[in-house]
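Below you'll find the structure, written out as structure tokens, and then a few comments.
Throughout, a chain's letter reflects where its sequence line sits, starting with A, and its residues are numbered from 1.
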Number of protein chains: 2
Amino acid sequence: MKRGHQVTMKEIAKKLGLSVSTVSRALKDSPELHPETKLKVVEMAKSMNYQPNLLAQSLRISRSKVLGVIVPELTSHFFSSNISGIQDTAYKRGYNVMICQSNESYVQEISNIKILVASQVDGLLISLSRETKNYQHLQDLYDRGIPFIMFDRVTEEIPVSRVTVDDANGAYQVTKHLLEQGCKKVAFISGPQDLYISKKRKEGYLKALVEFGITEAESRVYISDLKEETNKQIAKQILEEADRADAIFAMIDPLAIDVMLVLKEHGVRIPEDIALAGFTNNPTSSVVEPSLTTVVQPGYEMGKIAANHLLDQLDEIASDDPQSFILDTTLIARNSTLKKK
Amino acid sequence: MKRGHQVTMKEIAKKLGLSVSTVSRALKDSPELHPETKLKVVEMAKSMNYQPNLLAQSLRISRSKVLGVIVPELTSHFFSSNISGIQDTAYKRGYNVMICQSNESYVQEISNIKILVASQVDGLLISLSRETKNYQHLQDLYDRGIPFIMFDRVTEEIPVSRVTVDDANGAYQVTKHLLEQGCKKVAFISGPQDLYISKKRKEGYLKALVEFGITEAESRVYISDLKEETNKQIAKQILEEADRADAIFAMIDPLAIDVMLVLKEHGVRIPEDIALAGFTNNPTSSVVEPSLTTVVQPGYEMGKIAANHLLDQLDEIASDDPQSFILDTTLIARNSTLKKK
DNA sequence: CTGTTAGCGCGTTCAT
DNA sequence: ATGAACGCGCTAACAG
């Protein structure tokens with residue numbers, strides 16, 4: 001394809017019989033320049049539709065004004081909200097974003113990092129893949145002094161800033177709510193155990209149980225790899241148990257929806273027979289029937305905070321000391337748990 | 001923040017007492033080089049964790065290996081699927097993507113284009129904002145010879161390649177299906193009239209009506225700006241009409257969901273009293289009650305095709321002649337339209 | 001006030 | 001088989 005040639009300062013200079021540096025100065029409104037020359041240059045630049053070559057500028061100052069973002073998947077509503085927040089923030093502060101998805105793959109995450117670093121991004125915002133259990137690649141980034149922070153899917157093993165929601169408290173709120181509704185046997189369906197959020201949410205779940213006099217030994221924890229099939233499988237398993245749970249807290253909304261479908265299929269009334277709650281407030285959750293009790297996780301806000309903090313560090317407005325931003329969550333009680341009296 | 005210093009060829013050369021060009025040659029495995037030297041360089045590079053500076057390479061060859069993407073919003077499931085397809089494809093072919101969202105704003109769309117072009121992207125994939133009714137900015141891009149193509153939200157006024165779904169046929173399928181279910185008075189709620197997809201879908205709607213002996217004069221077209229409030233407002237309006245519709249075809253799923261909520265609120269049975277259908281197959285649509293009849297729009301596939309085609313043009317595998325890719329849609333009939341006999 | 005020089009990192013001449 | 005020089009586009013330091 002005929003690639004469009006971009007006008008350069010050199011060409012402007014040539015047309016005007018000036019040196020390139022004069023053009024450069026005129027374009028950045030240097031004071032020590034004859035106003036008339038300045039005007040001539042500016043007008044010529046406009047008429048030739050001159051656009052500065054950001055690549056050249058970046059190479060010169062060794063700063064690209066680009067942030068790299070890595071998320072496990074782009075199509076999840078939560079992550080796309082994060083990205084939206086990051087993008088809007090970066091844009092406002094004069095940065096572009098390069099976005100990669102790891103597709104929940106550890107090797108692809110590593111490859112993404114490598115490419116973004118080679119592309120000279122000024123900093124990285126990373127949300128880890130489900131597969132990531134080894135953090136050497138992050139340690140390497142850290143050792144090389146490449147600025148990055150983590151959000152949502154984080155690890156505590158690397159001393160960089162993190163932005164998360166208060167997962168433990170969110171889970172605590174949900175579980176407490178279920179217990180307050182009179183449920184006695186609350187099951188918790190967790191994602192993979194090594195996931196940070198799995199740990200945190202389980203923590204909150206157990207805390208609420210204990211407060212209501214239920215020991216950890218009496219807790220009902222199920223582990224899913226979060227694939228639809230497994231989710232439904234676990235739902236069936238719960239239904240078949242002799243001492244069946246009367247409430248299910250699913251670690252994320254899509255999981256809850258899968259469970260809901262199984263319950264409905266089996267004629268189980270929600271919430272009368274089994275109450276059901278999720279986590280994250282996906283758009284879907286408010287319109288399913290019964291509407292799903294869940295926890296608001298401010299995705300856009302998280303992205304915004306993460307991007308602003310990273311840019312603050314880059315601009316030396318914020319210190320490099322790792323900071324942990326923990327955003328509040330809000331319980332939204334809906335029909336899937338509200339038992340009519 | 002202490003910015004990580006990237007190792008350069010210069011440093012490798014210095015450590016080895018060689019010239020930069022030798023290092024360069026060694027790293028790209030040039031044949032006319034002493035094998036031993038080559039080995040030394042490669043090993044040193046590895047031990048120093050050398051990564052080529054893509055910015056410098058890009059500047060040199062005037063090709064950035066970056067594609068720019070502009071979508072109206074990142075959080076819509078359809079667009080994030082597009083982006084996912086674009087990203088995966090670009091990644092496989094050695095390209096990165098810079099993503100911007102216009103937030104449905106015309107001026108932001110222009111600004112995004114400007115920034116991406118200044119960033120020297122090799123090509124652009126654009127989905128127009130709702131506000132975009134003037135195409136001069138695209139004409140300018142075209143005149144400057146900057147490769148770009150459009151997807152989903154396109155215009156026919158600029159001679160570049162387009163990737164869309166067969167909107168007219170999808171709408172035709174839906175409307176025909178409603179009529180076949182025995183509905184006599186099918187309403188169509190459209191988005192803003194100047195939107196390409198509004199026109200195309202209305203076209204399909206009318207075609208089906210005519211086939212069933214209903215004239216355009218008898219058609220029932222409503223226009224929404226697609227904001228929740230307007231959507232619900234229109235739904236109420238339809239309910240209040242004396243000669244009430246017995247089926248509603250909403251131009252996009254979220255609109256259909258808004259309508260569904262209003263219908264349910266007013267005790268209208270779906271589909272018995274009013275059948276309801278949408279377009280796009282959002283994840284939500286399959287789990288609402290009743291499940292929503294809709295049309296599958298292959299978002300990921302569209303992104304993939306769009307990216308591959310643009311890259312083919314860039315790599316001169318495909319010609320520059322504008323091509324129009326029209327993807328097939330598939331009707332999914334669900335409970336919101338399937339009347340039990 | 002303006003031109004010359006130099007360098008960001010890389011790869012391709014051209015020279016040895 | 002290797003080095004030196006040049007240029008991609010831009011800007012800052014140095015000259016005049």
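In this entry the distance linking CD of Glu32(B) with C1' of dT2(D) reads 9 Å, nearest Å. Separating the CZ atom of Arg60(A) from the P atom of dT5(C) is a distance of 17 Å, rounded to the nearest angstrom. His34(A) has its NE2 atom 7 Å from the P atom of dC1(C), to the nearest Å. Spacing between atom CZ of Arg25(B) and atom C1' of dT12(C) amounts to 9 Å, rounded to whole angstrom units. The interatomic distance linking Gln120(A) (CD) with dG9(C) (P) rounds to 9 Å, in whole Å. Across the protein-nucleic acid pair, Leu54(A) atom CG and dC8(D) atom C1' stand 15 Å apart, rounded to whole Å. Atom pair Lys14(B):NZ and dT2(D):C1' shows a separation of 20 Å (rounding to whole Å applied). In this structure, Ile61(A) atom CD1 and dT11(D) atom P are separated by 9 Å, rounded to whole Å.
At a cut-off of 3.5 angstrom, counting only N and O atoms as typed in the model, there is no donor on one side facing an acceptor on the other between the side-chain of Ser21(A) and the base of dT2(C).
Within the 4.5 Å cutoff, side-chain heavy atoms of Gln57(A) are placed close to those of Pro52(A). Looking at Asn53(B) and Thr8(B), their side chains never come closer than 4.5 Å, going by heavy atoms from C-beta outward. Residues Leu67(A) and Leu311(A) are in side-chain contact: their nearest non-hydrogen atoms beyond the backbone lie under 4.5 Å apart.
You'll find that the side chain of Leu33(A) is closest to dT2(C), out of dA1(D), dT2(C), dG3(C). Listed nucleotides dA4(D), dC10(C), dC10(D) differ in distance to Ala56(A); the shortest reach to its side chain belongs to dC10(D). Out of dT11(D), dA1(D), dG3(D), the shortest distance to the side chain of Thr37(B) is found at dA1(D). Set against dG11(C), dC10(D), dT13(C), the side chain of Gln57(B) has dG11(C) as its closest nucleotide. In the set dC10(C), dC10(D), dG3(C), the nucleotide with an atom closest to the side chain of Asn53(A) is dC10(D).
Proximity of Lys28(A) to the phosphate of dA12(D): a side-chain N or O atom is located under 4.0 Å from OP1 or OP2. Listed pair Thr22(A) / dT2(C) fails the phosphate criterion, with no side-chain N or O lying under 4.0 Å from OP1 or OP2. In terms of phosphate contacts, Lys10(B) brings a side-chain nitrogen or oxygen within less than 4.0 Å of OP1 or OP2 of dC8(C).
The number of heavy-atom neighbours closer than 6.0 Å to CD of Gln136(B), taken from other residues, nucleotides and ligands shown, is above 12.
Among the protein residues, Val20(B) comes within range of no part of the nucleic acid, since none of its heavy atoms lies under 4.0 Å from any strand. Counting non-hydrogen atoms under 4.0 angstrom, Leu18(B) reaches the backbone sugars and phosphates but no base. Within the 4.0 angstrom heavy-atom criterion, only backbone atoms of the sugar-phosphate kind lie near Thr8(A); the bases stay farther away.
Looking at Glu73(A) and Arg130(A), no side-chain N of the basic residue comes within less than 4.0 Å of a carboxylate O on the acidic one, giving no salt bridge.
Both Lys38(B) and Leu59(B) lie close to DNA chain D; mapped to their nearest nucleotides by heavy-atom distance, the more 5′-ward contact belongs to Lys38(B).
Remark: Cys100(A) SG to Leu116(A) CG distance equals 4.0 Å, nearest 0.5 Å.
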